[in-house]
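Below, each value reflects all heavy atoms present in this structure, side chains not excepted, and no hydrogens, waters or symmetry copies.
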Amino acid sequence: MPKKVESLRIIGGEFRSRRIYYPNDLNVRPSKDKVKEAVFSSLGDIAGTQFLDLYAGSGSFGLEAVSRGAYSTFVDNNPECVSCINDNRKLLGVNERSSVIGTNAEEAIKILSSQSLKFDYIYIDPPYTNAHYEKILAEISLYNILNKDGIIIIESDHPLNEEETIPYNVYKRKNFGFINLTYLKEN
């Protein structure tokens with residue numbers, strides 16, 4: 001399927017206002033600018049950090065992080081999304097400041113752990129209809145890919161309860177209509 005440029009854009013940093021591609025796939029939900037702005041405003045200065053964009057879709061969150069000075073790793077198992085992310089990396093000229101893993105989140109976490117990679121920020125935005133938050137959080141913990149004092153941000157269609165966030169603690173929540181953000185830290 002062809003990719004198209006729509007209203008998807010980088011909202012801050014080096015590439016502010018640059019338009020990026022997103023997959024022409026009905027299962028991919030581009031994140032709203034107000035959600036991206038809320039996330040990155042709450043994180044502050046992320047220059048020099050490691051950012052993991054799980055279930056990356058178009059890669060807009062990871063590219064936003066790169067625009068603000070972070071190194072981003074993108075994970076998606078949809079070949080169209082991987083192609084789109086690579087097109088966006090090329091469009092912005094950020095191949096050396098980012099990497100892509102084209103597999104499912106669980107397998108990617110194992111790969112990242114085997115490379116001794118750890119992240120300061122992990123953004124998780126799975127398809128709402130197939131979200132297994134407990135499973136992915138357990139994998140992140142088991143394979144120890146979150147840096148000490150690292151932050152996990154989950155985008156979901158409902159407020160996550162405590163059972164869904166084990167073994168992490170909820171320290172902040174934000175709501176944007178049908179979009180919920182949950183911020184987690186280690187216990």
Side-chain angles (χ1 to χ4, degrees), residues 23 25 27-31 35-36 38-40 42-43 46 48-66 70-86 88-89 97-174 179-187:
D25 181 332
N27 294 320
V28 176
R29 291 174 285 98
S31 293
V35 174
K36 283 196 290 190
V39 168
F40 286 98
S42 69
L43 298 180
I46 63 168
T49 63
Q50 295 287 321
F51 191 96
L52 178 59
D53 189 352
L54 281 178
Y55 308 94
S58 67
S60 71
F61 267 87
L63 291 167
E64 190 72 44
V66 170
Y71 183 95
S72 287
T73 301
F74 303 90
V75 173
D76 207 293
N77 67 348
N78 180 328
E80 185 179 347
C81 291
V82 170
S83 175
C84 183
I85 293 164
N86 283 322
N88 283 329
R89 292 170 64 223
R97 298 190 284 176
S98 60
S99 59
V100 180
I101 301 175
T103 190
N104 65 60
E106 293 83 3
E107 187 61 31
I109 289 168
K110 293 173 188 171
I111 291 167
L112 294 165
S113 176
S114 74
Q115 297 172 352
S116 300
L117 294 175
K118 290 193 171 204
F119 297 89
D120 302 293
Y121 304 101
I122 300 175
Y123 192 81
I124 303 172
D125 182 15
Y128 293 161
T129 57
N130 193 25
H132 302 286
Y133 304 109
E134 306 93 335
K135 182 177 180 181
I136 198 68
L137 292 173
E139 294 285 313
I140 290 168
S141 179
L142 176 66
Y143 288 98
N144 195 27
I145 64 164
L146 183 66
N147 275 328
K148 185 178 186 295
D149 299 322
I151 297 171
I152 298 171
I153 306 111
I154 299 176
E155 183 177 322
S156 61
D157 63 347
H158 66 281
L160 299 182
N161 61 50
E162 297 294 322
E163 292 78 34
E164 290 176 294
T165 63
I166 293 171
Y168 298 96
N169 288 325
V170 174
Y171 81 92
K172 186 189 303 185
R173 296 177 189 270
K174 292 190 176 191
I179 299 171
N180 294 272
L181 296 175
T182 305
Y183 292 72
L184 307 171
K185 286 190 174 184
E186 285 188 335
N187 291 329

Minimum side-chain heavy-atom gap Ile136-Ile109 below 4.5 Å:
yes
With a 4.5 Å limit on heavy-atom distance, are the side chains of Leu137 and Ile166 in contact?
no
Indicate yes or no: at least one non-hydrogen side-chain atom of Glu139 is less than 4.5 angstrom from one of Lys110.
yes
Work out which heavy atom in Ile145 is nearest to a heavy atom in Leu52; give both atom names and the distance.
CD1-CD2, 3.8 Å
Heavy-atom check, side chain of Ile152 versus side chain of Ile140, under 4.5 Å:
yes
Where Ser42 and Lys174 come nearest, the two heavy atoms and their spacing:
CB-NZ, 4.1 Å
Can you name the nearest heavy-atom pair linking Gly57 to Cys81, along with the distance?
O-CB, 3.3 Å
Does any N or O in the side chain of Tyr71 come within less than 3.5 Å of the main-chain N or O of Arg97, such that one atom is a donor and the other an acceptor?
no
Is the closest side-chain heavy-atom distance between Val39 and Tyr183 below 4.5 Å?
yes
About how many Å separate CG of Asn88 and CZ of Phe74, when rounded to the nearest 0.5 Å?
8.0 Å
With a 3.5 Å cut-off and no angle check, do the side chains of Glu164 and His158 form a donor-acceptor pair?
yes
Shortest non-hydrogen contact between Asp53 and Gly62, atoms and distance
OD2-N, 2.9 Å
